[in-house]
Amino acid sequence: MVSVVHSSPISVMGTDNAPERMTSMRPSGLPTTLLNVPISPVKTLSFETLPDAHKSASTIVSPTDSVFTASTMVSPTSDSFHVDFQLKDPRNPINYSWLRKWCITLVVCAFNGITSPATPSFAMSMSSMMQDLNCTRFQTTVAYCLYSLGFGIVPLFTSALSEEVGRRPIYLASAFLGAMCNVLAALSKNIQTIMVARVLGGAFASTGAILVGGTIADIWEPEERGLPMAVFSMVSMVTTGLGSIISAWLELDPHLQWRWIQRIQAIVQGAYFLLSLLIMEETRSQIILRRIAKKLCKETGDDRYRARGEETRPKLSAMIKISCTRPIMFVLTEPIVTSICIWVFFMSGVLYVQIGSVSGVFKHIYHFNVGQSGLVFITVIVGSVLGLFANFYQDVLYRKYVSQKGPEARLYIACLVALLLPTSIFIYAWTADPRIFWMWPVVGLSIFMFCSFVSYQVVFIYLADCYGPMASSALAGQGLARNMGSFGFPLFSHIMFKKLTYKWANAIFGGIALILIPVPFALFLYGPSLRKRSTMCSQLMQAEEKPTIESRDGEP
């Protein structure tokens, strides 16, 4: 570390291009090279030499032509000043107060909460929609599925936008445009307009929802992210259940039905948009630093101030190209990602099938009305609560065995899910019979929802542990697979139910789940060897080891 003496929380470090009042100093007791880059003399600038510096306290500003700070060397690139946060800077999102962090966390989780009910609520309103618009079951099913298509594909193109404009504008734009899509659906005169509104609604919902994990990473330290991520998943699942229950009772009222379901969703998203205007904050540190640098340029009249990493930031077009191609490359070339994608593709597809089948199963077999069928979605809430406690226990197992198993210590609960998944599907399939009490298929659904909740959490954290800086691409790949399953399965499930009955159609899904049981067990047992053979993981391990080796080689 280099100690720089200065008379305020702000310092400017540089070389020969610095003002004359700088005095030269060289770190003592340090090697002449670090990371194979020569160390140049470092000069300090007192507080008085930087005009209006008192207006930008707690910011580190350094010329990028030769900087040695926090044991990192930046080689000569250009004549500009490098703006960065100092330790404990209150403007750095990671240093926000506990209360402020939770306010931001709950607001961004609420975005996912208002978009999650879009699919099950649509499923509950399909009957009145077919009557009102004079359309077929298949047409409404296509509209039902198109939401997932927009949700899965569009983020490949839009995920890089936060690098350019920040997170807050994307949240606000997504909430506003999502509300407009619900208005469009509510005013539709034909099913084709509904289809357009659905695919656009999924696109806007996904653009905001994919940022939630990044926002949590912006403000919470790695060891603190477990609870916020659990809250994120919990909000998503619970609102799915509540939205389905409310929509079912709206569908039951002949004066409300599908149009009012869409109107209420538009009202909720509009209210969220207005609330976000007041509460939502920018949390991407690079965007905040860019604003600070721009302010310094304006205050000092010197346009050489640049945010950290600004010179090396790729163009937006290059970032979009990477975000579109790298996730697909991970799915096709990385065995770990491929295995998980197959697993979540099936699980998500069956989840959408089960959500769509609830109304039919309990209406035709148990003679429930639409409102009573909607109450079955309490299973989503029950499964989520059980999954939350299971994830807490998984965290205990992880801390106990991570030193022995590495990232695979995240998979203990996933192995349990692999066994429970086919069990839950078979219970739902074989107990959906008028001679059997209706509570038994509800039990099967509860176990299935538990599996869905837990698998989402486990897959997210496991891939993040395996791929580190490239985890976003791996997660985007599994997200694409998950949404393609949600899009594809309901398109043919209705025909399966009609030809085979609910019992035998669901039994086929249970048989496929039996075949997929080995997936998490194989990753648990052979994950380390798969990572060693993985090109991406090998590069990451080499990158992690290289600084340590080079640092030791340079020790005096």
Side-chain angles (χ1 to χ4, degrees), residues 148 152 155-156 213 233 325-353 387 390-391 394 397-398 401-402 404-425 448 450-489 508-541:
S148 295
L156 296 178
S233 301
T325 57
R326 188 179 286 173
I328 297 174
M329 181 186 68
F330 267 72
V331 173
L332 298 177
T333 62
E334 289 293 307
I336 291 176
V337 180
T338 304
S339 302
I340 285 178
C341 284
I342 293 172
W343 198 44
V344 300
F345 172 83
F346 170 77
M347 191 179 299
S348 186
V350 175
L351 173 63
Y352 265 56
V353 169
N391 278 321
Q394 169 61 63
L397 293 175
Y398 174 76
Y401 296 108
V402 64
Q404 305 169 27
K405 300 293 297 182
E408 281 65 39
R410 300 280 189 190
L411 298 178
Y412 286 101
I413 201 72
C415 294
L416 174 63
V417 165
L419 297 173
L420 288 178
L421 183 64
T423 304
S424 66
I425 297 175
F448 182 84
F450 165 83
C451 295
S452 299
F453 181 90
V454 171
S455 66
Y456 182 85
Q457 280 278 97
V458 167
V459 165
F460 190 96
I461 300 176
Y462 177 63
L463 288 178
D465 285 354
C466 287
Y467 291 95
M470 295 186 180
S472 58
S473 296
L475 290 168
Q478 71 84 27
L480 178 63
R482 188 185 295 273
N483 284 288
M484 289 304 96
S486 303
F487 169 72
F489 273 55
I508 291 175
F509 292 134
I512 298 173
L514 279 174
I515 297 173
L516 294 178
I517 284 178
V519 171
F521 287 94
L523 292 176
F524 182 80
L525 296 173
Y526 304 110
S529 61
L530 289 174
R531 288 201 305 277
K532 288 180 182 178
R533 297 171 186 171
S534 162
T535 303
M536 292 295 176
C537 289
S538 298
Q539 291 175 358
L540 289 171
M541 286 188 286

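Nearest approach of Ile336 to Gly527, heavy atoms of both residues: CD1-O, 4.2 Å. The two residues Gly479 and Asn483 have their closest heavy-atom pair at O-ND2, 2.8 Å. For the residue pair Gly510 and Pro422, the shortest heavy atom distance occurs at O-CB, 3.7 Å. Considering every non-hydrogen atom in both Ala513 and Ile425, the closest pair reads CB-CD1, 4.1 Å. Looking at every heavy atom in both residues, Ala390 comes nearest to Phe450 through CB-CE1, 3.6 Å. Residue Leu530 comes nearest to Pro335 through the heavy atom pair CD2-CB, 4.1 Å, listed as atom of the first residue, atom of the second, then distance.
Using modelled atom types, no side-chain atom of Ser348 and backbone atom of Val344 make a donor-acceptor pair closer than 3.5 Å. Formation of a donor-acceptor pair under 3.5 Å by the Gln394 side chain with backbone atoms of Ala409 is found in this model.
Aromatic ring centres of Phe489 and Phe345 lie closer together than 6.0 Å. Ring centroid separation for the pair Tyr352 and Phe487 does not come in under the 6.0 Å cut-off.
Using a 4.5 Å heavy-atom threshold, the side chains of Asp465 and Tyr398 count as touching. Residues Phe346 and Leu351 form no side-chain contact, since every pair of their non-hydrogen atoms from C-beta on lies 4.5 Å or further apart. Annotation: side chain of Ile342 is not in contact with side chain of Val519 (no heavy-atom distance under 4.5 Å). Residues Val458 and Leu411 form a side-chain contact, since some pair of their non-hydrogen atoms from C-beta on lies under 4.5 Å apart. Under the 4.5 Å side-chain criterion, counting only non-hydrogen atoms from C-beta, Trp343 is in contact with Ser455. Within the 4.5 Å cutoff, no side-chain heavy atoms of Val331 are placed close to those of Ile328. Proximity of Leu156 to Pro327: side-chain heavy atoms (C-beta onward) are separated by under 4.5 Å at one or more points. By the 4.5 Å heavy-atom criterion applied to side chains, Thr338 and Phe330 are not counted as neighbours.
The distance from atom CZ of Phe521 to atom SG of Cys415, rounded to the nearest 0.5 Å, is 4.5 Å. The distance from the CD1 atom of Ile517 to the CG atom of Leu421 is 8.5 Å, given to the nearest 0.5 Å. Rounding to the nearest 0.5 Å gives a distance of 9.5 Å between CG of Leu419 and SG of Cys451. Taking CZ from Arg531 and OH from Tyr467, the interatomic distance works out to 8.5 Å, rounded to the nearest 0.5 Å. Summarising the geometry, atom CD belonging to Gln478 is positioned 6.5 Å from atom SG belonging to Cys341; distances are rounded to the nearest 0.5 Å.
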Query - side-chain contact (heavy atoms from CB on, under 4.5 Å) evaluation trace for Asn391 with Phe453 - result: CA-CA 9 Å; Asn391 278 321; Phe453 181 90; 3.3 Å; yes
**Report entry** Leu523 vs Glu408, side-chain contact (heavy atoms from CB on, under 4.5 Å): CA-CA, chis, key distance, verdict
**Finding:** CA-CA 7 Å; Leu523 292 176; Glu408 281 65 39; 5.7 Å; no
Query - Ile340/Tyr462 under side-chain contact (heavy atoms from CB on, under 4.5 Å): CA gap, chis, key distance, verdict - result: CA-CA 10 Å; Ile340 285 178; Tyr462 177 63; 3.6 Å; yes
Requested in this report: Apply side-chain contact (heavy atoms from CB on, under 4.5 Å) to Lys405 and Phe524, showing your working.
Outcome: CA-CA 8 Å; Lys405 300 293 297 182; Phe524 182 80; 3.7 Å; yes
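Checked for salt-bridge contact, Arg533 and Glu334 miss the test: no charged N lies under 4.0 Å from a carboxylate O.
The environment of Tyr401 atom OH is sparse: at most 12 non-hydrogen atoms of other residues, nucleotides or ligands sit within 6.0 angstrom.
Screening Leu516, Val417, Val459 against Met347 for a side-chain contact (heavy atoms from CB on, under 4.5 Å) leaves a single residue, Val417.
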